[in-house]
Amino acid sequence: MVGEEGAFVLGWDEVLTEEELSVTLKVLSMSEEEFKEYKEQDGWEDDSEEEENSTLSNEALSRLKPPCKKLLYDSVLLTLESYGADLKAEQDLLNNKEAYEKLSRREQQALHVRYGQKRILHQLLELVQ
């Protein structure tokens with residue numbers, strides 16, 4: 001459902017892999033009976049128009065059904081736990097000019113990427129709380 005990597009792409013304003021995330025949330029929040037019906041119908045043929053007109057913007061994420069919000073929230077927490085340091089530690093390192101300059105260019109770039117990823121994940125946590 002989510003491709004080879006099993007990941008979703010999030011941006012500042014919306015989910016960039018919205019179709020994959022939408023289908024995954026629907027399937028994961030189904031009852032056993034609903035899933036059985038879904039498999040028998042080979043998906044939601046009648047929902048295609050609804051999905052085409054919806055985007056998973058930040059505003060739309062905050063209006064998800066509670067089970068979907070919980071799935072996203074728990075997933076984000078697990079993802080954040082996989083990082084070695086928290087957002088505050090990364091921010092402190094970015095703000096500490098002396099420590100930052102001791103990092104190699106590659107380490108500095110990695111720090112910026114991790115910090116940006118964590119900020120997006122924290123924003124998502126706020127949206128689905």
Side-chain angles (χ1 to χ4, degrees):
M1 261 187 288
V2 294
E4 292 179 19
E5 294 182 15
F8 302 105
V9 181
L10 305 171
W12 282 112
D13 300 318
E14 64 187 16
V15 176
L16 303 177
T17 54
E18 63 187 81
E19 183 179 345
E20 291 90 345
L21 179 58
S22 180
V23 170
T24 301
L25 289 173
K26 284 180 181 180
V27 169
L28 291 175
S29 61
M30 286 180 181
S31 68
E32 188 175 336
E33 186 61 36
E34 290 169 326
F35 183 68
K36 189 176 182 180
E37 183 180 320
Y38 171 77
K39 281 177 44 177
E40 288 171 1
Q41 293 179 0
D42 292 325
W44 294 284
E45 308 255 340
D46 53 341
D47 281 357
S48 59
E49 189 176 306
E50 175 190 318
E51 289 178 14
E52 285 176 17
N53 295 328
S54 68
T55 59
L56 284 178
S57 65
N58 288 349
E59 185 180 325
L61 286 170
S62 65
R63 293 189 314 256
L64 287 173
K65 294 178 183 177
C68 293
K69 281 180 155 183
K70 174 139 178 55
L71 281 168
L72 269 178
Y73 188 85
D74 291 346
S75 298
V76 170
L77 286 180
L78 284 172
T79 302
L80 285 170
E81 287 174 9
S82 71
Y83 287 97
D86 65 3
L87 182 66
K88 173 109 173 67
E90 303 282 14
Q91 188 173 23
D92 291 345
L93 185 53
L94 282 167
N95 292 333
N96 183 337
K97 187 175 180 179
E98 187 177 308
Y100 179 78
E101 289 178 353
K102 288 181 181 177
L103 299 174
S104 70
R105 182 74 180 135
R106 185 176 178 168
E107 290 170 324
Q108 290 173 355
Q109 291 171 338
L111 174 62
H112 284 282
V113 169
R114 282 192 317 271
Y115 180 71
Q117 290 172 340
K118 290 176 187 177
R119 285 188 55 210
I120 289 172
L121 290 169
H122 279 275
Q123 177 182 332
L124 182 57
L125 278 178
E126 290 177 22
L127 291 169
V128 297
Q129 263 184 337

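Numbering starts at 1 and runs along the sequence shown.
Note that the CG atom of L21 and the NZ atom of K26 stand 11.0 Å from one another [nearest 0.5 Å]. Taken to the nearest 0.5 Å, the CD atom of Q109 stands 8.5 Å off from the NE2 atom of H112. With rounding to the nearest 0.5 angstrom, the OH atom of Y115 is 10.0 Å from the NZ atom of K88. Between atom CG of residue L64 and atom CG of residue L127 there is a gap of 9.5 Å, rounded to the nearest 0.5 Å. Note that CD of E126 is 13.0 Å distant from CG of L61, once rounded to the nearest 0.5 Å. Rounded to the nearest 0.5 angstrom, D13 CG and N58 CG are separated by 6.0 Å.
Here the side chain of N95 pairs a donor or acceptor atom with the backbone of Q91 at under 3.5 angstrom. Between the K118 side chain and the A85 main chain, a donor and an acceptor come within less than 3.5 Å of each other. For S104 (side chain) and E107 (main-chain N/O), a donor-acceptor pair under 3.5 Å exists by modelled atom type.
Listed by chain and residue number, nothing satisfies the salt bridge (Lys or Arg N to Asp or Glu O under 4.0 Å) test with E34 (two or more places apart in sequence, or in another chain). Every residue two or more places apart in sequence or in another chain that forms a side-chain contact (heavy atoms from CB on, under 4.5 Å) with R63 is listed here: E59, A60. Residues forming a side-chain contact (heavy atoms from CB on, under 4.5 Å) with I120 (at least two apart in sequence, or on another chain): L10, W12. Taking L111 as the reference, E90, L93, L94, Y100, L103, R114 meet the side-chain contact (heavy atoms from CB on, under 4.5 Å) condition, with sequence neighbours excluded.
Connectivity analysis of hydrophobic side chains (ILVMFWY, heavy atoms under 4.5 Å, direct or indirect) links V9 to L16.
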Where do F8 and T79 land on the side-chain contact (heavy atoms from CB on, under 4.5 Å) test, with the steps shown first? CA-CA 11 Å; F8 302 105; T79 302; over 6 Å; no
Please set out all donor-acceptor pairs under 3.5 angstrom arising from side-chain atoms of residues 66-77, sequence neighbours excluded.
unit_1: K69; atom_1: NZ; unit_2: S62; atom_2: O; d: 2.8
unit_1: K70; atom_1: NZ; unit_2: D74; atom_2: OD1; d: 3.4
unit_1: K70; atom_1: NZ; unit_2: D74; atom_2: OD2; d: 2.8
unit_1: S75; atom_1: OG; unit_2: L71; atom_2: O; d: 2.8

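Connection of Y83 to L87 is not established within any shared hydrophobic cluster, with ILVMFWY side chains joined at heavy-atom distances below 4.5 Å, either directly or through further cluster members.
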